[in-house]
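One structure is given here, and the rest of the page talks about it.
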6 protein chains.
Amino acid sequence: MLTHFDAAGQAHMVDVSDKPDTRRVAVAEARVEMKPETLAYVLEGTSTKGDVLGVARVAGIMAAKRTPDLIPLCHPLALTRVALELTPQIETASVLIRATVATSGQTGVEMEALTAASVAALTVYDMLKAVEKGMIVTGIRLLHKDGGKSGSYDADKAGDVGR
Amino acid sequence: MLTHFDAAGQAHMVDVSDKPDTRRVAVAEARVEMKPETLAYVLEGTSTKGDVLGVARVAGIMAAKRTPDLIPLCHPLALTRVALELTPQIETASVLIRATVATSGQTGVEMEALTAASVAALTVYDMLKAVEKGMIVTGIRLLHKDGGKSGSYDADKAGDVGR
Amino acid sequence: MLTHFDAAGQAHMVDVSDKPDTRRVAVAEARVEMKPETLAYVLEGTSTKGDVLGVARVAGIMAAKRTPDLIPLCHPLALTRVALELTPQIETASVLIRATVATSGQTGVEMEALTAASVAALTVYDMLKAVEKGMIVTGIRLLHKDGGKSGSYDADKAGDVGR
Amino acid sequence: MLTHFDAAGQAHMVDVSDKPDTRRVAVAEARVEMKPETLAYVLEGTSTKGDVLGVARVAGIMAAKRTPDLIPLCHPLALTRVALELTPQIETASVLIRATVATSGQTGVEMEALTAASVAALTVYDMLKAVEKGMIVTGIRLLHKDGGKSGSYDADKAGDVGR
Amino acid sequence: MLTHFDAAGQAHMVDVSDKPDTRRVAVAEARVEMKPETLAYVLEGTSTKGDVLGVARVAGIMAAKRTPDLIPLCHPLALTRVALELTPQIETASVLIRATVATSGQTGVEMEALTAASVAALTVYDMLKAVEKGMIVTGIRLLHKDGGKSGSYDADKAGDVGR
Amino acid sequence: MLTHFDAAGQAHMVDVSDKPDTRRVAVAEARVEMKPETLAYVLEGTSTKGDVLGVARVAGIMAAKRTPDLIPLCHPLALTRVALELTPQIETASVLIRATVATSGQTGVEMEALTAASVAALTVYDMLKAVEKGMIVTGIRLLHKDGGKSGSYDADKAGDVGR
């Protein structure tokens with residue numbers, strides 16, 4: 001059953017009024033694939049030429065807070081932590097982004113983590129598109145979640161990920 | 001050179017004051033990969049059980065308008081068109097999203113199209129995550145752009161996409 | 001006494017710091033009056049020609065979350081439920097909108113319910129204005145509230161509604 | 001035909017790229033009906049006890065600017081004028097709100113005027129709800145529009161308003 | 001140590017998940033310096049010619065609620081009180097602004113109070129700039145905070161204010 | 001005369017519909033005064049320990065775009081340039097912020113430049129407040145504007161700045 005629709009098939013923001021506040025964490029990932037020459041700008045940038053990853057990190061943190069404005073059926077939540085790691089990977093010619101979001105609330109923060117990672121990835125794209133328009137953002141997925149009635153989830157152990 | 005940084009390596013919103021207003025279009029794509037069982041909900045949903053794609057389409061259109069709030073160095077623009085196509089693909093067990101954005105302005109709308117496609121994809125994820133947390137958003141990329149000094153871009157013909 | 005002004009007559013966001021968190025619900029209503037020919041588009045739309053009510057429902061849900069951005073003295077709240085029912089009524093040639101909002105917080109959610117209903121009504125207007133500009137949004141009112149020190153309110157039983 | 005849906009019945013933000021920029025104006029109205037005792041607070045308030053109408057006016061002006069964030073298929077526009085008149089009417093025990101919005105753009109500003117009037121009305125409700133929860137916002141309608149290909153519209157002369 | 005950066009020097013929204021909810025208050029101040037002739041408009045305005053301070057007060061209250069959208073590493077919080085005092089001071093030819101913000105949450109509201117005072121000051125500037133562009137906003141500072149592990153702070157007693 | 005009020009003293013967003021689009025620039029300044037020990041963190045930060053100025057720069061750029069959401073009577077504008085310089089000054093133990101904003105529109109961008117400088121200053125405060133709560137933001141003023149009917153303004157030459 002899709003909980004975001006009622007019995008008549010109409011979208012709603014699910015009632016979580018009776019759920020207790022629990023500590024919840026979610027970790028999500030995204031990857032920006034690019035040419036090695038493009039990645040070179042990122043690597044230089046973190047030193048002196050323009051901090052692509054620093055700007056993208058701020059964008060991702062701010063986007064986590066905008067999640068309920070973007071995802072229609074997402075509950076507004078008082079986030080208690082947002083952190084992003086952006087790692088340039090020479091071997092895969094990509095930037096790997098990992099976003100961690102926490103709250104103490106009545107619903108999970110999966111969408112906040114996914115939104116943070118996605119917007120950070122789009123910001124990386126924006127800052128580098130002058131040198132390569134063909135970059136691809138890929139692998140946006142939930143790595144881990146904890147807390148709430150449905151318990152933990154780990155992408156690596158999940159039976160529901162077959163790809 | 002990364003135009004989003006000045007000579008000292010500091011991020012700025014590039015000066016486009018002297019660019020003429022021209023008609024600009026951008027088309028971007030995203031894909032949400034899921035299990036066939038999950039896609040079945042989407043297929044049913046468009047009939048009676050809850051319109052996943054309809055909600056995601058609205059979210060994508062609204063997100064296009066929020067792009068300058070999300071992408072730090074993006075210029076605010078008066079968009080003249082936003083359209084999203086969301087196509088469930090049984091053979092690949094995925095939803096393919098295509099966003100088209102137009103403006104008559106001084107900068108391109110690539111980021112608006114990419115943001116629209118990405119947020120629509122995240123919304124699909126949100127609405128289906130109760131049945132599958134392992135879905136992956138993938139292949140977010142610019143398919144086509146037109147207008148402006150740098151001219152047209154087509155992903156299929158582009159020398160800069162080697163992956 | 002108008003609680004939204006202090007003793008000197010200056011607007012302020014009332015201090016609710018000492019109020020306990022309680023479960024609160026509010027239900028509000030709005031109606032969009034139109035010609036029968038216009039309503040016909042809504043009725044068709046829910047099948048194949050364009051889902052007016054589906055788009056308006058999403059707009060109403062998202063607007064509930066924007067209430068503190070719109071209503072100056074409204075407290076920001078973590079909403080725990082937002083649901084909208086939009087019912088086309090052939091006999092009155094109108095769309096009746098009912099919004100239910102819940103929270104577990106220190107103030108009520110009347111304004112959130114009223115804002116959700118109003119924005120859904122305006123969205124119905126927007127989508128149909130190409131065929132009829134003379135539609136009227138009317139009857140925006142609080143039907144019911146529950147929770148908080150002031151207790152329950154029911155429009156039907158209320159002594160303070162004399163119209 | 002509903003222009004906000006494409007041939008397949010899918011919502012989109014209509015393409016106005018080829019429309020010329022023209023001067024456009026729209027005037028909309030809303031009314032907040034209340035008890036005479038409640039209106040008395042408004043009348044006093046404009047002198048020393050708390051300026052209900054002043055706060056509502058600011059809320060309406062700011063809401064006009066948020067219209068594209070609220071109404072999903074509304075184009076973002078550079079508004080060139082927003083003005084609100086709020087008139088307490090003793091004979092009808094109500095506050096009458098009239099919003100005028102102008103732009104020089106490719107689409108009309110009907111929704112901006114309607115949104116400004118509606119949010120001002122909701123703000124009046126918010127500030128007075130401590131003394132009367134049974135107030136009703138009514139008569140939200142377009143009074144006049146000018147500019148654009150579809151030309152002028154006047155509620156009083158319109159054949160399409162039969163109520 | 002700057003808590004807004006992790007051990008690797010990367011900005012993050014600090015983890016406050018394990019902090020208890022406590023009642024927190026912050027008071028901040030700003031001053032808009034102007035010519036006596038300009039202040040005369042403010043003094044008149046509060047009577048009949050246009051309520052500069054009333055508009056600025058509403059702007060400050062609304063800005064407090066937007067703080068997490070503006071200050072990148074600020075936690076979103078459910079504010080329980082926002083109040084602004086704006087005092088025209090003839091002897092210093094300035095408007096003094098004092099903002100008080102309260103919450104019951106896991107982090108303090110210093111930034112909310114500072115943002116409210118700053119935006120109110122900028123709004124005063126905006127409304128008067130037609131008569132004097134040379135106004136200066138000055139003295140934006142935290143006067144007082146209370147609550148949370150770090151305890152109280154009073155600007156007057158603080159060892160860390162040497163100016 | 002205060003243009004932000006009409007003849008009856010009511011706030012409005014001034015009608016600029018008949019003004020031509022012209023190229024407009026505004027430069028504004030703000031200063032964050034702190035102890036030398038606090039400034040030391042900023043100076044280190046730009047190298048390896050946490051880039052205070054980089055985060056504040058992004059916050060200022062994004063705030064310029066939010067100006068019409070914050071300043072009630074400010075017109076929404078399509079900004080064509082936003083740049084911020086943040087300079088740590090050892091001799092005055094302060095960070096000096098200079099914001100430059102440009103547009104090609106019907107009204108000036110003074111408020112956008114002032115808002116960008118102010119929010120960047122508040123962000124500097126936020127990131128350093130763990131080490132010094134007594135910092136003061138001061139000297140927020142318009143340095144220069146160009147374009148529009150009222151012509152140029154230079155703070156240094158202005159007769160209206162006597163302080």
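Source: prediction; values computed, not measured. Just so we're on the same page: letters track the sequence lines, and every chain starts at 1.
Interface residue E:Val16: backbone and side-chain heavy atoms are both found under 4.5 Å from chain A. For E:Leu73, the parts lying near chain A are the backbone and the side chain together; criterion is any non-hydrogen pair under 4.5 Å. Proximity to chain E (any heavy atom under 4.5 Å) is shown, for A:Val82, by both the backbone and the side chain. In this structure, chain E has a heavy atom under 4.5 Å from the backbone of A:Leu84, while its side chain stays farther away.
Expressed to the nearest 0.5 Å, how far OG of A:Ser104 lies from CG of E:Asp21 amounts to 7.0 Å. Put simply, CD1 on A:Ile61 and NE2 on E:His12 are 8.0 Å apart, with the number rounded to the nearest 0.5 Å.
In this structure, A:Lys65 contributes its side chain and E:Pro76 its backbone to no donor-acceptor pair below 3.5 Å.
Residues E:Met13 and A:Arg81 form no side-chain contact, since every pair of their non-hydrogen atoms from C-beta on lies 4.5 Å or further apart.
Salt bridge present: E:Asp15 and A:Arg23 bring a charged side-chain N and a carboxylate O closer than 4.0 Å. Taking 4.0 Å as the cut-off between side-chain N and carboxylate O, E:Asp69 and A:Arg66 count as a salt-bridged pair.
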